[in-house]
Number of protein chains: 2
Amino acid sequence: MKIAIDGMGGDNAPSAVIDGIIQAAKEYNEITFYITGPKEQIISELSKYDYPKDKVIIVDAKEIISTNEHPVMALRKKKDSSIVKALNLVKDGTCDAIISGGSTGAFLAGCTLIIGRVKGVERPALAPIMPGRRGNFMIVDVGANVDCKPEYLVQFGKMGKIYYKNVFNKENPTLGLINIGAEEEKGNELTKATFKLLKEDHSINFKGNVEPRDIPTGDTNVLISDGFVGNTALKMYEGSASNLLEMIKDEILKANIIPKIGIIFLKPLLKNIMKKFDYKEYGGAPFLGVNGICIKAHGSSDGKAFKNAIRQTKIFHEKGVLEDIKKEFSNQT
Amino acid sequence: MKIAIDGMGGDNAPSAVIDGIIQAAKEYNEITFYITGPKEQIISELSKYDYPKDKVIIVDAKEIISTNEHPVMALRKKKDSSIVKALNLVKDGTCDAIISGGSTGAFLAGCTLIIGRVKGVERPALAPIMPGRRGNFMIVDVGANVDCKPEYLVQFGKMGKIYYKNVFNKENPTLGLINIGAEEEKGNELTKATFKLLKEDHSINFKGNVEPRDIPTGDTNVLISDGFVGNTALKMYEGSASNLLEMIKDEILKANIIPKIGIIFLKPLLKNIMKKFDYKEYGGAPFLGVNGICIKAHGSSDGKAFKNAIRQTKIFHEKGVLEDIKKEFSNQT
């Protein structure tokens, strides 16, 4: 397998990217990495490691696209950027997949513009895996499509089903529509129309509406929503968890000696829980519906997070998720 | 002051409603309560208490509207329901305010249909107060309006500002627009158009977009959104907090003796934090923009929660929030 990696994508690039590649190269010897970025910088970073030289190929790219740039404009202007070069490696068939920890806007736009969509898919969707209390869940979409039609959401459900099924070895994963009420008639125009379409589709295991407060249990595997609502749910989930832990810390600082002793005893346990919320454990978010394997790594990824994104990319490839998505949508048209 | 209370509204009605009234009647002797519901049942419940008899007036109402009924249909059909009777007490001027812990849909529809809107307000909005890490925050709207126009959202901001300012004695509270990115150009069609309007309005202290993960800090006082997104953020906040605490409990159950000792030491501290998340402490959510003081109590309210909703109603009245909202919107038209 060949993976293109945007060497300059992410807050800690290129060092974290290269650290992740080296970790992965030692474990998965069937992967060849194509890392894009300024050649001298990449070589100098790589020289710190001992690694299988034939498994890491440097593709020179002088420009960098920042998160502040307009995604489409930047992609058009900066043909020699690390992200555009990496995308082209997938487009021309050199690589099977791309990973980037850079600007989400530029990455999503680049995947669609340069690699293109799977035939039949109207809008590709970003679909991270999240840790729930009783299992992992997936939200499709979390921000690639802020204004949606009901048909897009049905497609998000189908793609999410295929990904979840393959990656978690679960036949017929449960699907739910994020909505502000459990009953069919609840919601806004978009969710009401989407509910009807999902209910009529017997190729999916649609369980009905899921209220946001029930998302964190993980009882529903794939949660469908437009990108605005999905992003709100995702960020509120992350924000609430870290906020609550901060509130516990605040109380401990104010407290007397007895709770302070308590926290010493509890530390290993809280560590276990925080590990569940640690994006580094989960790799990246697949961008489903693109005609290539595209994984968005977290912007603040460290070496471990990049290594896990590589592992995730490998699973995506081995399980044939992209082929299954293509098959699903070719049947429809 | 005279408050109409839906005696049959809420999971624990009428006992919790009456418990709350009795607690409040003893503390605030300037309030007279008009409680609606089946006369015999209310009398029998009241007979358990010793209380100032002249402060509690029973208004007979035989019917009850459940959460499963279509709100508008139920309101039209059940003229003799506890909620319709209570609403009419405000409409005809007998009472200054209404509190209900019953069906949110029926309550919101009833406030608008029976009491009516403040002149100039396009859509009333439900606006609960939430506990943040560094202070309370308010989300307007959390579900009264699922499909919105930018102009509605600007009005939500103005009403939220007036409420927050009066209730928390804070001049010029900060306003933020819930959005999936901090930059002006981020978001969906609705937020982009709303941002422009808010930025141009110099009567408010608009601080820009607020990403959902930053809501729980409480750094922004009033958060503006359509009812669908606001409801998602609110329910995700509640759901995430309780989910995280459940995860901590799960880990403790699985753990050996040492973390178990830790939790004993920590208990008083966690109790303090849970108190912050306890809706009972906060009373209810005001329904802003209605031509009367309308407070929605939580469906599972106990006596203490109803008592706090009464305290909140009293503050709303004393501070002249409704008059300020009327003034604000009369200036605009």
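The figures here come from the full heavy-atom set of this structure, side chains too, leaving out hydrogens, waters and symmetry mates. Below, chain A is the first sequence line, B the second, and so on; all start at residue 1.
Applying the side-chain contact (heavy atoms from CB on, under 4.5 Å) rule to D214(B) yields the partners V210(B), E211(B); only residues at least two apart in sequence or on another chain are considered.
Ranking R134(A), K235(A), E246(A) against chain B, the residue ahead of the rest is K235(A), based on heavy-atom pairs under 4.5 Å. Chosen from A241(A), S225(A), S242(A), P212(A), the residue pairing most often with chain B at heavy-atom distances under 4.5 Å is P212(A).
Put simply, CZ on R133(B) and OG on S240(A) are 13.5 Å apart, with the number rounded to the nearest 0.5 Å. Rounding to the nearest 0.5 Å gives a distance of 13.0 Å between CZ of R213(A) and CG of N243(B).
Of all residues spanning residues 138-149 of chain A, those with a heavy atom less than 4.5 Å away from chain B's heavy atoms are V146(A), D147(A), arranged by number. Interface residues of residues 174-187 of chain B toward chain A, defined by a heavy-atom distance below 4.5 Å and sorted by number: I178(B), N179(B), I180(B), G187(B).
Taking both residues in full, the closest heavy atoms of A233(A) and M236(B) are given as O-CG, 3.5 Å, listed atom of the first, atom of the second, then distance.
Pairs passing the ring pair (Phe, Tyr, Trp, His ring centres under 6.0 Å) check and including a residue from residues 208-236 of chain B, sequence neighbours excluded, do not occur.
For R76(A), the CZ atom is loosely surrounded, since the number of other residues' heavy atoms within 6.0 Å does not exceed 12. Counting non-hydrogen atoms of other residues, nucleotides and ligands closer than 6.0 Å to CD of E189(B) gives a total of 12 or fewer.
Taking the side chain as every heavy atom from C-beta outward, P216(B) and M247(A) never approach each other to under 4.5 Å. Within the 4.5 Å cutoff, the side chain of L245(B) has heavy atoms near those of the L244(A) side chain.
Residue I215(B) touches chain A through its side chain alone, counting heavy-atom pairs closer than 4.5 Å. For a residue to count as touching a neighbouring chain, one of its non-hydrogen atoms must lie under 4.5 Å from one of that chain's; by this rule T191(B) touches chain A with the side chain only.
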